[in-house]
Every structure is written in structure tokens, then in C-alpha cells.
Amino acid sequence: MVSGARTSALDLASLHDEVLRWYAVSSRDLPWREPSCSPWGVLLSEVMSQQTPLARVEPIWREWMARWPTPADLARESPGEVVRAWGRLGYPRRALRLHEAATVIAQRHDGEVPRDQTELRALPGIGDYTAAAVAAFAFGDRSVVVDTNVRRVQARLVTGLAQASPAMTRAEVALAEDLLPDDDEDAATWNVAVMELGALVCTARAPRCEECPVSARCAWVLGGRPAYDGPPRRGQKWHGTDRQVRGIIVQALRESTEPVRREALAPGRDEVQVDRCLAGLVEDGLVEPVGAEHYALPGREEAAG
DNA sequence: CACACGTGGAA
DNA sequence: TTTCCAAGTGT
């Protein structure tokens, strides 16, 4: 229960001590880490940060917190305006789901972000990671937060591999559980500290092992930093894909306050592809047809899924 | 389980 | 220029 076979070779107490000490002096001053930040602010930061570098998140997060300081404020907004304010953070469906989540919070949770992980997990756009992260960072709960940073740190420090496997495994969650400090307060800090270590020191491309507080006990370093030899990651295509065309269309609509003619949405692109993307975007609720050949971001009457 | 889903900065 | 990849989620 306390320390499984996976971590038997580690001195957990001093491992915790060194990482928490490092975090205390090396962590970034992010606005959603301020003690005064509301659970809503934490939730917003987590969703915005999904697959998106924090440097790009911070300015948008500040705008949103000033404009919609509570879930009820966002819920009152039209989904199209929310997608517009999302700007170029990417994956705009996240903005839509945030709007839906805010609506659920306003209607079913009395306007308060739930602190129960199961209830958080039930909100649209909130998966295992985000539910655990909000529970830990907004409410100080003892939860197991496993993101890409944690997976990479664990792969190197404990397993001795250069990278984590492409898909998350049960073993990784179990390992994260084993590594969690017994003290609840330390556990909450540990979660964010390991993430921060992965983001600043134990990075994917060029890890700064000289700056790492635990490199002396890192299985990967001890093993001579062997190269990754697992299955290759599926590289994401971009040029010419539907994803690119969808991005072009939504960007055109974000920049226009009025409905846009279909031909003006993605000039020069294959019409079949544009129609397919448009149908998908309408299906997703990100775009709304206006009349016979115009399109716009969704208004207050939300398009039926 | 594999794949779709945006975007931009760094190597 | 191309490739990698960043606090993942939904199907």
C-alpha cells in the first residue's frame, strides 16, 4: 500500500524532499497558482493547457478571467462569442465544452465548481487528467495527477526509459500512486512539482539533467541515458488535412462579425473538402449555417447536435 | 485501441 | 523546410 515493488529501490522520503525543495525555489509564478485563484480559474487554466504551451495560455486566461470571472458569467455568453475569445489556442471544441461545462455548473452545481472528482469528470471536456488536476490544485485533494510530464519523469526516473510509451497504461497510474507522499499537503504539491520538473528540467527534447534535483538517483541517467527504442509515435499530419481546413474556416469566422459566404471561408481549397469540413463543424456545434450559403459562429440558439 | 482534433515555436 | 511536440478528450 505504502510502497509497492515498483518503487522499492527508491528512497521515497528523500526523493520527495528533493523534488519539493526544488519546486519551492524553481517553480514559475503562474497566475492560476496564486492562492487567491478561484477553482473556476484553475479549471479554466487546465482546459486551456490541454495540448497547449502555457506561454500561449496565460494571456487568454487573463482575458477570460476578467471577462467571465465565474461559471455563470460564461454560461450567459453565446457559444460563438466564447469560440471567438478562444482565439488561436487551438482545438476550439475545448471552448465549446468549457461553455457547456459552465452551463452545467451554473444549473446543477449552484454555480460552484464541484470538488468531487467524479462530478468533475462528468463535465464536458474534463477527462481523467483534468478532473484530478482540478481536485488537487483547486481543492488540495489527494489525487493522482498523471499528464505527459509526469509520465516522462516517471519513465526516466523509475523505469529508466527515455520516453513513456505512446499511450498511457495502468502501470503508470499505479506508479504515480506509489510515488505520492503520505502527507496530504505534500501530495498536492508533489503532483504539481513533478509536472513542473518535467516542463522545466526533464524535458522531452533536451533534458537538463545537470539542473535536476534527482538526477543522481535517476534510472535513465544511471543507465547512460539510453535512446528510446519503443514503438514510434504516430506523427500528426497537417498540410492539406481536414484539420487544417477546419482551422482556416473557424479562423475566418472568428475574424468576421457577420456571416461569411461559403466560397469565402477557405478560398482555393477543394470544395468537396470544404463541404465535408463544414458539415463536421456544424455537427460539432462550432459553426452554424445562416440562410442558404452563409455561415457564422454559433449564436445563442445553439445548433442541435 | 487507434484516430481525429489546432496552433505555433523550437530544433 | 520538415519534424517534433505541448498540463488531453471523445469516440
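In what follows, chains carry the letters A, B, and so on, assigned in the order in which the sequence lines appear, proteins first and then strands, with residues in each chain numbered from 1.
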*Which residues in residues 187-198 of chain A have at least one heavy atom lying under 4.0 Å from any atom of DNA chain B?*
none
*ring pair (Phe, Tyr, Trp, His ring centres under 6.0 Å) involving A:Trp190 - partner list, sequence neighbours excluded*: A:His16
*Over how many whole Å does the gap from A:Arg246 atom CZ to B:dC3 atom P extend?*
18 Å
*When the C1' atoms of C:dA6 and B:dC1 are considered, how many whole Å apart are they?*
23 Å
*Starting from C1' on B:dA4, measure out to CG on A:Leu281 and report it in whole angstrom.*
12 Å
*Counting only non-hydrogen atoms, which of residues 41-54 of chain A are less than 4.0 Å from DNA chain C?*
A:Glu46, A:Ser49, A:Gln50, A:Gln51, A:Pro53, A:Leu54
_According to side-chain contact (heavy atoms from CB on, under 4.5 Å), who are the partners of A:Arg62, at least two apart in sequence or on a separate chain?_
A:Pro31, A:Glu58
*Salt-bridge contact A:Arg262-A:Glu271 (side-chain N to carboxylate O under 4.0 Å)*: yes
*Between C:dG8 atom C1' and A:Tyr91 atom OH, what is the distance in whole Å?*
9 Å
*Residues A:Asp186, A:Thr189; criterion side-chain hydrogen bond (donor to acceptor under 3.5 Å, both in side chains); working and verdict*: CA-CA 5 Å; A:Asp186 284 350; A:Thr189 308; 5.6 Å; no
*asked:* Could you work out, with side-chain contact (heavy atoms from CB on, under 4.5 Å) as the rule, every residue matching A:Arg234, not counting sequence neighbours?
replied: none
*asked:* Work out how far the P atom of B:dC3 is from that of C:dA7, and round it to whole angstrom.
replied: 24 Å
_Expected output is a numbered-order residue list: members of residues 123-140 of chain A with a heavy atom under 4.0 Å from any atom of DNA chain C. What is it?_
A:Pro124, A:Gly125, A:Ile126, A:Gly127, A:Asp128, A:Tyr129, A:Thr130
*asked:* Please report the distance, rounded to the nearest Å, between NE2 in A:His99 and C1' in C:dT9.
replied: 19 Å
*Partners of A:Ser26 by side-chain contact (heavy atoms from CB on, under 4.5 Å), sequence neighbours excluded?*
A:Trp22
Taking only N/O atoms, report every protein-nucleotides 2-5 of chain C pair under 3.5 Å with atom names and distance.
residue : atom : partner  : partner atom : Å
C:dC4   : O2   : A:Arg205 : NH2          : 2.2

*Between A:Arg151 and A:Glu172, is there a side-chain N and carboxylate O pair less than 4.0 Å apart?*
yes
*List in numerical order all residues of residues 141-148 of chain A for which some heavy atom is under 4.0 Å away from an atom belonging to DNA chain C.*
A:Asp147, A:Thr148
_Pairs touching residues 215-224 of chain A that satisfy side-chain hydrogen bond (donor to acceptor under 3.5 Å, both in side chains), sequence neighbours left out_ = A:Ser14-A:Arg217, A:Glu18-A:Arg217
_Upstream residue (5' side of DNA chain B) when A:Arg234 and A:Leu89 are each assigned their closest nucleotide_ = A:Arg234
*Phosphate-side-chain proximity, A:Arg88 and B:dG8, N/O vs OP1/OP2 below 4.0 Å*: yes
_Looking at A:Glu100 and A:Arg97, is there a salt bridge between them, counting it only when a charged N and a carboxylate O are closer than 4.0 Å?_
no
*So, A:Glu81 and A:Arg67, do they make that salt bridge, N to O below 4.0 Å?*
yes
*Please check if the distance between the ring centroids of A:Trp86 and A:Trp64 is under 6.0 Å.*
yes
*Test salt bridge (charged side-chain N to carboxylate O under 4.0 Å, His left out) on A:Arg33 and A:Glu196 and set out the steps.*
CA-CA 12 Å; A:Arg33 285 182 184 163; A:Glu196 190 79 335; 2.8 Å; yes
*Which is true for A:Trp32 with a 4.0 Å heavy-atom rule: it touches a base, it touches only sugar-phosphate, or it touches nothing?*
base
*Report the distance from atom CH2 of A:Trp238 to atom C1' of B:dA4, rounded to the nearest whole Å.*
12 Å
*Measure the shortest side-chain to side-chain distance between A:Val42 and A:Cys37 over non-hydrogen atoms and say whether it is less than 4.5 angstrom.*
yes
*Would you state whether a donor and an acceptor, one from the side chain of A:Arg94 and one from the base of C:dT9, lie under 3.5 Å apart?*
no
*What pairs of residues pass the side-chain hydrogen bond (donor to acceptor under 3.5 Å, both in side chains) test when at least one of them lies in residues 124-137 of chain A, not counting sequence neighbours?*
A:Glu46-A:Tyr129, A:Gln50-A:Thr130, A:Arg121-A:Asp128
*Step by step, would you call A:Asp242 with A:Gln273 a side-chain hydrogen bond (donor to acceptor under 3.5 Å, both in side chains)?*
CA-CA 7 Å; A:Asp242 282 7; A:Gln273 185 179 31; 2.9 Å; yes
*Gap between atoms CG and P, on A:Leu200 and B:dA10 respectively (whole Å)*: 15 Å
*Give the nucleotide from the list C:dA7, B:dG8, C:dG8 with an atom nearest to the side chain of A:Leu30.*
C:dA7
*Could you work out the separation of C:dT9 and B:dG8 based on their P atoms and round it to a whole Å?*
22 Å
*Report the residue (A:Arg97 or A:Arg28) whose heavy-atom-nearest nucleotide on DNA chain C is the more 5′ of the two.*
A:Arg28
*Can you check the A:Ile248 CD1 to B:dG8 P distance for me, whole Å?*
12 Å
*Remember a base hit wins even if backbone is also touched, and classify A:Arg243 as base, sugar-phosphate or nothing at under 4.0 Å, heavy atoms.*
base
*Under the side-chain contact (heavy atoms from CB on, under 4.5 Å) rule, collect the residues that match up with A:Arg208, sequence neighbours excluded.*
A:Val201, A:Thr203, A:Glu210, A:Glu211
*To the nearest Å, give me how far apart CZ (A:Arg276) and P (B:dA4) are.*
11 Å
*asked:* So A:Met195 and A:Val145, do their side chains get closer than 4.5 Å, heavy atoms only?
replied: yes
